[in-house]
Amino acid sequence: MWPRRTTESRDVTDVNRVYVTRQIPQSALDRLEGVVEYSVNPHDRVLERDELLEAVRDIDGLLSLLTDDIDAEVFDAAPDLKIVANYAVGYNNIDVAEATRRGILVTNTPGVLTETTADLTWALIMAITRRVVEGDRFMRAGRYVGWAPMLLLGSDVYGKTLGIIGMGKIGQAVARRAIGFDMQILYQDMFLDLPEVAEHLLDADEVDLHEVLRRSDIVTLHVPLTDETHHMIGMRELELLGPNGYLINASRGPVVDEVALIEALREGVIKGAALDVFEDEPEMKPGLAELDNVVLLPHLGSATIETRTAMGDLAVDNLLAFFAGEEPPTPVNPEVLKA
Ligand code: GLV
Ligand code: GLV
């Protein structure tokens, strides 16, 4: 930690200070060297609240993760803070309205994790429909005694209907991969209409949420977490998806009512689910882990060496541009820059 200094004692020649709330790929952090002073959470865990509040006291910039709650209390503890560079595309962990009110810029990492997250979404789709994880457990348990006509039968993916809720960059990247599986695509997006040419190329039709659920064999969620998308999928929606339907979630846990989902999986209201995110992450609601018709991953959507490095570079690009007085590449609240 740096020695405590008051804001008044600082002059324009002072070097900017950045705190990084968890070790990220070092090659990105190396680029801060000599430009800003930075320090990194030395523990291999999320900071406790009081540690975070202490760490931000004298900083000008914060590199935060989706596991850090960045809100008014943090801003109060960091009177010099000017920029929060979130190491994620989602920024529901940050009170952006409050940051904007205080003139603090927030940036995120869109684009660089789009394809990687779409790949992982497909890993989930294939794993649940073709019972890949169950099969692996079966082998390891020594239960395989020979090919059998009725062993671990799953459901076809090719030629089926894929429902995409949230047709942003990630949703579209998932859709592009579905072309190779000869799938029909239905989508719903609160904010965006695909241009007709994209709909044509992707063989995608926009319908309302309930129709997506009713008509799709597999529904995958790619919305940000907001007040509007919180519990967007509850029992009523799962009933529409129906007993042959699969739900895939690699967006944010609270988009799904996890208690309702567990009941639906247990009662056969839907056939299966594959989840990369959880409502009370890292916790799971009771009963989820006991079910066979669900695949569970620890939020690995963007977890490749290439993409985590690119996310670090983009977060650092945002910090470096901001401190150089240039326009950061991916601001969330660009209005702060114009004020
Ligand atoms: C990961 O979940 C992200 O938002 O980048
Ligand atoms: C990802 O980059 C997205 O914005 O969907």
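Note that the coordinates shown come from a computational prediction; the quantities given were computed from them, not determined experimentally. Both ligands and their constituent atoms are indexed starting at 1 by order of listing. Only heavy atoms go into these numbers, but all of them, side chains included; no hydrogens, no water, no symmetry mates.
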* Asked: salt bridge (charged side-chain N to carboxylate O under 4.0 Å, His left out) between Arg177 and Asp119: does it pass, once the steps are laid out?
  -> CA-CA 8 Å; Arg177 285 156 177 74; Asp119 282 353; 2.8 Å; yes
Would you mind writing out the side-chain donor-acceptor pairs for residues 249-259 within the sub-3.5 Å range, not counting sequence neighbours?
{"from": "Asn249", "atom 1": "OD1", "to": "Ser251", "atom 2": "N", "distance (Å)": "2.9"}
{"from": "Asn249", "atom 1": "OD1", "to": "Ser251", "atom 2": "OG", "distance (Å)": "2.7"}
{"from": "Asn249", "atom 1": "ND2", "to": "Arg252", "atom 2": "O", "distance (Å)": "3.3"}
{"from": "Arg252", "atom 1": "NE", "to": "Asn92", "atom 2": "OD1", "distance (Å)": "2.9"}
{"from": "Asp257", "atom 1": "OD1", "to": "Val259", "atom 2": "N", "distance (Å)": "3.2"}
{"from": "Asp257", "atom 1": "OD1", "to": "Ala260", "atom 2": "N", "distance (Å)": "3.2"}
{"from": "Glu258", "atom 1": "OE1", "to": "Glu279", "atom 2": "N", "distance (Å)": "2.7"}
{"from": "Glu258", "atom 1": "OE2", "to": "Lys285", "atom 2": "N", "distance (Å)": "2.9"}

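- In this structure, ligand 1 sits under 4.0 Å from heavy atoms belonging to Leu66, Ala88, Val89, Gly90, Leu113, Arg252, His299.
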* Kindly indicate, with the supporting measurements, whether the criterion side chain to side chain contact (heavy atoms under 4.5 Å, CB included) is fulfilled by Leu314 and Thr330. => CA-CA 8 Å; Leu314 183 50; Thr330 51; 3.9 Å; yes
* Evaluation steps, side chain to side chain contact (heavy atoms under 4.5 Å, CB included), between Leu261 and Leu247 -> CA-CA 9 Å; Leu261 176 63; Leu247 181 74; 4.1 Å; yes
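- For the pair Leu337 and Leu105, the tightest heavy-atom approach, listed with the atom from each and the gap, is CG-CD1, 3.9 Å.
- Shortest non-hydrogen contact noted between Gln23 and Leu29 is NE2-CD1, 3.7 Å.
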